[in-house]
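Everything on this sheet refers to the single structure shown next.
Throughout, numbering of the chain's residues begins at 1 and tracks the sequence. Everything numeric here is computed off the predicted structure, so don't read it as measured data.
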Amino acid sequence: MITTLHIKNIGIIEELTIDLSKGLNVLTGETGAGKTLIIDSLSILAGGRFSKEMIRKGETNSFVEACIYLPENEKSIDGNIIISREINLNGRNLCKINGRMVTVNELKNFMINIIEIHGQHDNQALLDNKYHIDYLDGYIGKIEEKEKYQEKYMYYLEIQKKLKENYGDDKQRERKLDLLKYQYEEIKGAKLKKGEDEELENKRKLIMNSEKIVDNLKEADNILNESAIDSISIAIRAMEKIESIDDKYSEAVSNLKNVYYDLQEIAREISNNKEEVYFDEEERNETEERLDQINSLKRKYGNNIEEILEYKEEIKKEIEHIENLEEYTNKLKIEQEKVEEELNELAKKIHLIREEKGKILSKKINVELQELEMKNAKININIEKKDTYFKDGKDLVAFYIKTNLGEDEKELSKIASGGEISRIMLGIKKVLADTDKTSILIFDEIDTGISGKAANSVAKKLSHIAKSHQVLCISHLPNIAALADSHYYISKNVENERTSTKVKVLNEEEKLKEIARISAGEVNEISIKYATELRNKKAS
């Protein structure tokens, strides 16, 4: 149930906070005061569409937030959750569930089994045939055959997927096999080695700079042999003449000799390197061609040699799979036939259960429609068995109705009258109330176009549904207002030339006055007496 609803900057609503209660919450008040805007706000919170025109004039964003208590086993949550949605003039949406940002679609999927909104033009899932099977199965309760069917169905889909991955017909398979073999032989023929590309790149770098390397090695070799080594040799001989005078000179001679030997070694290495930096034209071409080959394979099969070799192993397995495909496909087809037999048997049992329970559900709904003053209306739950496998069986379920004698049955979505739709929906909801998992039901002026006995029946149905659901209802009927567990009066107030919506929770005395107002148009002794009688009926 919604415990608290906070709305800011939607239409004429500047800022509202409403504490809601269990049972039947009725909203009444002036025309144009903002009652429907409250319902619209809940629709926005449930992931519904939003128009920028709904943002209060002069503001840049709208905000809706609700604290919802979900009992255990509902959405796998036990406790309060905070749902919020902020919409800006620039079109940016900010949706959160318990502080975690989600997309509008995620919000919608989360809220779809929590809040259901019904109005003359917005009966949502009830008017959509694809949800009718859920209503029927919800009424039936646990169907063991359906659970077994769904397990088999998932396995059936896996088999179907594997069969579709069999590369089409014989020609398509042969083309695929030829391509894979070509790729495999191309990679295999290249005889790639891990790290080979890096070695070749280094070699190529040397080839490209060989002339520069040789010139500088020669210069270094000449300077060392002609200047540096000879100069150090002369210095050694000079120091040797005085080394016996002091130990420090002797040490200097020793250090100079070490430098001399090191320079000789360096000079030999540079000389050898100079001789090795030579590449003939053939070696140069071989290096370039090999790198071109490796780079070509990289463009086709991977970013590096390791990925190319991994791809080679993958296509080797795929080639083996295709070459043995006939045997593999035959096994899958045999398994598919076996699963289809099991699915057909389970679907047959499910169909019989649905037919039996569908007739019972139809009768119960028709009784409710009689009480709602739709004397000639008749609901028929049509269960059509198809050749296609669906996730819940092989049935298509659709609620059909005949509202007048002599007319043909029509789908619920084809009913033209808003008042008829409201009453039909209420009748169905009354029967399904005990099995319906949607915890919060919202009715926007469900009483439009009805009066008298029908109004009394609608009020009683709403009151009954409110025993197992939280119900929010905008109403203009005293019959409904009198049965409210909580009554909210919606008004509009003008301050500083701006209109804003106000909400007041009515006490018992105020409830009687409001019921009197909407029943007679004014509050007087007679209308108060009538309101008191209606409230007493609720108490009894």
message: What I'd like to find out is whether the side chain of Tyr155 reaches to under 4.5 Å of the side chain of Ile159, using heavy atoms alone.
response: yes
Is the side chain of Ser250 donor-acceptor paired with the backbone N or O of Glu243 at a distance under 3.5 Å, no angle test?
no
Side chains of Ile82 and Lys96 in contact at under 4.5 Å (non-hydrogen atoms): no
inquiry  = Looking at Tyr400, I'd like to know if the NZ or CZ of Lys410 sits under 6.0 Å from its six-membered ring centre while staying within 45 degrees of the ring's axis.
reply    = no
Query raised in the report: Would Tyr301 and Glu307 count as a side chain to side chain contact (heavy atoms under 4.5 Å, CB included) if you check the C-alpha gap in whole Å, the side-chain angles of each, and the deciding distance to 0.1 Å?
Result: CA-CA 7 Å; Tyr301 309 122; Glu307 288 185 12; over 6 Å; no
Open item on the list: Quiz question: by atom type and distance under 3.5 Å, do the side chains of Glu340 and Tyr389 form a donor-acceptor pair?
Closed with: no
Practice problem: Please indicate whether Lys312 has more than 12 foreign heavy atoms, meaning atoms of other residues, nucleotides or ligands, lying under 6.0 Å from its NZ. | Solution: yes
d(Cys95 SG, Asn105 CG) to nearest 0.5 Å is 10.0 Å
### Beyond-backbone contact of Met111 with Ile114, side-chain heavy atoms, under 4.5 angstrom
yes
Q | Distance-only polar pair, side chains of Lys194 and Asn304, donor-acceptor under 3.5 Å | A | no
Is the ring pair His132/Tyr135 parallel, tilted or perpendicular, if the boundaries are 30 and 60 degrees? tilted
Review point. Can Arg354 and Glu145 be counted as an ion pair, charged N to O under 4.0 angstrom?
Key: no
Side chain to side chain contact (heavy atoms under 4.5 Å, CB included) with Ile10: of Ile44, Ile55, Ile38, only one passes, and it is Ile44
**Prompt:** Regarding Asp19 and Thr4, is there a side-chain donor-to-acceptor distance under 3.5 Å anywhere?
**Reply:** yes
Result for side-chain hydrogen bond (donor to acceptor under 3.5 Å, both in side chains) between Asp137 and one of Lys146, Lys142, Lys357 points to Lys146
*Would you call Glu240 and Arg237 a salt bridge, using N to O less than 4.0 angstrom?*
no
| query | So do the side chains of Lys8 and Glu65 get within less than 4.5 Å of each other, counting heavy atoms only? | reply | no
Tell me whether Arg290 is salt-bridged to Glu196, with the criterion being a basic N under 4.0 Å from an acidic carboxylate O. yes
Rounding to 0.5 Å, atoms CG (Leu263) and CG (Asp230) come to a distance of 11.0 Å
Lys385 vs Glu355, salt bridge (Lys or Arg N to Asp or Glu O under 4.0 Å): CA-CA, chis, key distance, verdict = CA-CA 10 Å; Lys385 191 174 181 181; Glu355 279 195 327; over 6 Å; no
Here the gap from Leu45 atom CG to Asp40 atom CG, rounded to the nearest 0.5 Å, amounts to 12.5 Å
d(Ile315 CD1, Leu179 CG) to nearest 0.5 Å is 8.5 Å
Using the side chain to side chain contact (heavy atoms under 4.5 Å, CB included) rule, take Glu335 and Lys331 through it: C-alpha gap first, then chi angles, then the decisive distance, then the call. CA-CA 6 Å; Glu335 186 66 16; Lys331 286 181 180 179; over 6 Å; no
Taking atom types as modelled, is there a side-chain donor on Gln183 or Tyr311 under 3.5 Å from an acceptor on the other?
-> yes
Got more than 12 heavy atoms from elsewhere within 6.0 Å of CG, Asp246? yes
Assess, by modelled atom type and distance only, whether the side chains of Tyr261 and Glu265 contain a donor and an acceptor separated by less than 3.5 Å.
no
